[in-house]
Amino acid sequence: MTVDVVLSVPLDRTFTYIWPVDRSETPEIGMLVRVPFGRRKMIGMIVGIDKHDGESKLSPDIVLKTVQDILPPEYHIDKQRLELARWMADYYVAPLGTVVPLMYPPAPGTKARGKRRVDAEFPLHDNQTINLTDEQVRALAFVEQRQSDQAYATLLLHGITGSGKTEVYLRAIEKTLARGKGALLLLPEIALTPQTEARVKKHLGEDVATLHSGLSAGERSRVHEAAARGEIRVIVGSRSAVFAPVRDLGLVVIDEEHESSFKQDDRPRYHARHVALMRARTAKAVVILGSATPDMESWHNAQKGLYELVQLSSRPSGHLPNVEIEDMRGDYAADGFSPRLLEAMETTLDAGRQVILYYNRRGYARVMQCSACGEAVSCPHCDIGLTVHLRPRRLLCHYCGFSRDNPRDCPDCGHPEFLPSGSGTEKIEIGLQAHFPDLKILRLDRDTTGRRGSHADILAEFSQGKAQVLIGTQMVAKGHHFPDVQLVGVLAADDGLHLPDYRAQERVMQLLTQVAGRTGRVDPGLVIFQTWQPEHPVIQAAAGHDYQGFSALELEMRSRLNYPPERRLLRLGVSARVLGEVSDAAQVLTDLLRSGLDAANFEVLGPAPAVFPRLRNRYRFQILVKGNLSVNQKAWLADCIAVMKDKNRNIDVIPDFDPAGIY
Ligand SMILES: [Zn+2]
Ligand SMILES: [Zn+2]
């Protein structure tokens with residue numbers, strides 16, 4: 001007897017092995033096995049079984065190798081997840097063998113060793129007796145109805161931070177468990193949301209386990225096995241937990257469903273929301289998508305009636321934060337602080353309350369600039385300016401990690417003076433300390449959170465009132481509840497509005513809404529948006545808590561320009577070390593696409609240099625395809641790419657379906 005196995009190699013084919021005669025198991029589709037491959041041993045999944053004399057159909061000089069080991073039943077891919085893997089392989093044009101490893105932990109069967117690290121304790125501020133609002137009741141009734149009908153359905157829960165989404169998630173999970181079914185709760189970055197995790201565990205206890213890449217291989221194996229055996233019924237996790245082998249799946253919850261971290265930026269470039277919807281469809285489960293600023297596609301689907309929409313319009317505290325727009329055009333604020341923000345900070349600090357300041361750039365200054373010719377010091381491997389860091393003192397490339405000292409003379413004009421230009425969180429911190437010398441300040445960005453656990457430690461310190469101000473990048477915007485925060489200052493609210501990406505405005509709206517939601521949880525808080533474009537519709541909408549107004553404008557723009565959700569988008573990234581080779585290849589591919597896709601249904605843009613035209617010594621071009629490619633058209637595209645790569649091995653072509661951004 002022989003079995004056909006797919007392996008995690010970039011070849012879209014199967015490999016045949018002899019089934020070991022000394023094993024009592026019979027092979028089944030979806031079973032994971034260890035097989036020899038070249039000099040290595042690899043894990044593969046069985047996709048075909050030949051019960052007859054397998055060798056007769058093969059030429060006699062091919063010597064088949066034998067399956068070495070069969071993984072325990074906990075690691076077999078069940079029917080629903082197998083169907084999901086096949087769908088992903090088609091949709092994302094990835095060999096099935098490269099999709100399968102998403103479905104099991106990286107080192108299956110590893111024993112968990114040592115004690116689990118206990119994360120810093122957070123006060124939970126849990127209201128023990130919560131009366132549900134009418135809207136929450138309606139949301140739960142929908143979930144219950146669909147679950148009892150055993151019908152796939154999606155609920156979009158639209159509500160600002162603190163409007164009670166988590167309460168709906170928890171009760172919906174409880175009801176799912178009561179039906180004897182399992183649930184998945186996906187969070188954008190689980191390390192950044194320890195409070196949600198803690199709250200779920202407190203609420204649901206032993207049935208729950210977390211699954212994310214921060215766990216050791218042993219812990220991941222343990223959770224995987226327990227879920228497969230049905231001992232753990234609820235998995236809380238990041239993107240990859242969407243594949244967890246939860247049995248009898250009845251509910252999938254995706255919190256902050258608009259977050260781009262649900263999209264994997266490595267092959268296969270899947271979107272966990274899309275995968276979750278497909279998984280729920282096969283499992284006849286209910287999906288809850290929650291967000292204060294739903295993704296345009298989710299919102300569009302709710303508007304069309306494909307999703308049930310429930311809006312949580314009020315906060316139990318009854319307060320929406322007051323947002324002031326501070327016009328920075330007249331004021332010259334060299335250190336980034338307007339007089340209004342400083343005054344509000346003083347009042348807040350005098351009252352014994354806390355402040356969060358948000359600035360989305362780490363480091364001290366954006367670049368070092370020659371004071372004579374204006375040239376900035378850039379990375380020799382990427383066409384990007386090096387960011388100035390003070391502690392430790394160095395110029396650093398935020399893309400490839402290259403670092404160097406300050407140059408003595410300008411390489412362009414020989415002038416000996418360089419000056420830092422632009423700012424970052426390090427500079428903001430120093431500037432603030434100059435205004436308030438006695439203030440205890442914490443900073444939260446990639447530079448202060450390098451050590452494992454340091455992120456949670458900083459949040460815990462702030463939560464315990466050991467500092468009055470928390471300064472940080474996007475990290476300060478995510479899911480923490482600090483009841484003492486009375487003021488949020490956004491130092492440059494228009495930052496990012498004009499990035500060359502059709503999603504730029506959506507991202508700014510999301511961030512501003514999220515960061516504004518950090519205050520006003522107990523009493524009306526104050527948010528100050530410092531901006532150079534006070535009339536900009538996105539700034540206005542974010543300040544007015546007007547997501548609907550924003551989304552109407554945004555959807556109109558998308559529809560006019562055929563961007564998602566009007567049409568699907570494919571980004572083809574073409575790169576190589578030699579500029580001429582990249583531009584030629586990108587042109588050939590674009591011509592192929594234009595001739596192969598009908599112009600009525602598809603729009604091909606490009607080729608054009610990517611937003612970052614050179615990264616890690618590779619020149620980058622991109623081609624955009626707007627339109628809904630069929631499985632056959634995708635297969636044709638994959639053939640085109642394969643032919644191109646055969647002609648020139650130096651060229652890399654990466655198709656990214658539904659890209660998170662265009663860069
Ligand atoms: Zn110069
Ligand atoms: Zn670099």
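Side chains included, hydrogens not; waters and symmetry mates left out as well; all remaining heavy atoms used. Please read these numbers as outputs of a predicted model, since none were measured by experiment. Whatever order the structure lists them in is the order used to number ligands and atoms, beginning at 1.
Considering all non-hydrogen atoms of both residues, L7 and M42 come closest at CD2-CB, 4.0 Å.
Aromatic pair F436/F337: ring centres not closer than 6.0 Å.
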Report the C-alpha distance between T425 and D445 in whole Å, list the side-chain angles of each, state the deciding distance to 0.1 Å, and finish with yes or no for side-chain hydrogen bond (donor to acceptor under 3.5 Å, both in side chains). CA-CA 8 Å; T425 45; D445 56 30; 2.6 Å; yes
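Taking 2.8 Å as the criterion, H415 does not count as a coordinating residue of the Zn ion (ligand 1), since none of its N, O or S atoms falls below it.
Annotation: angle subtended at the Zn ion (ligand 2) by C397 SG and C400 SG is 110°, to 10°. Rounding to the nearest 10°, we obtain 110° for the angle at the Zn ion (ligand 1) between C370 SG and C413 SG. With the Zn ion (ligand 2) as the vertex, SG of C379 and SG of C382 span 110° to the nearest 10°.
Just one residue in the list R618, R267, R616, R577 forms a salt bridge (charged side-chain N to carboxylate O under 4.0 Å, His left out) with D652, and that residue is R267.
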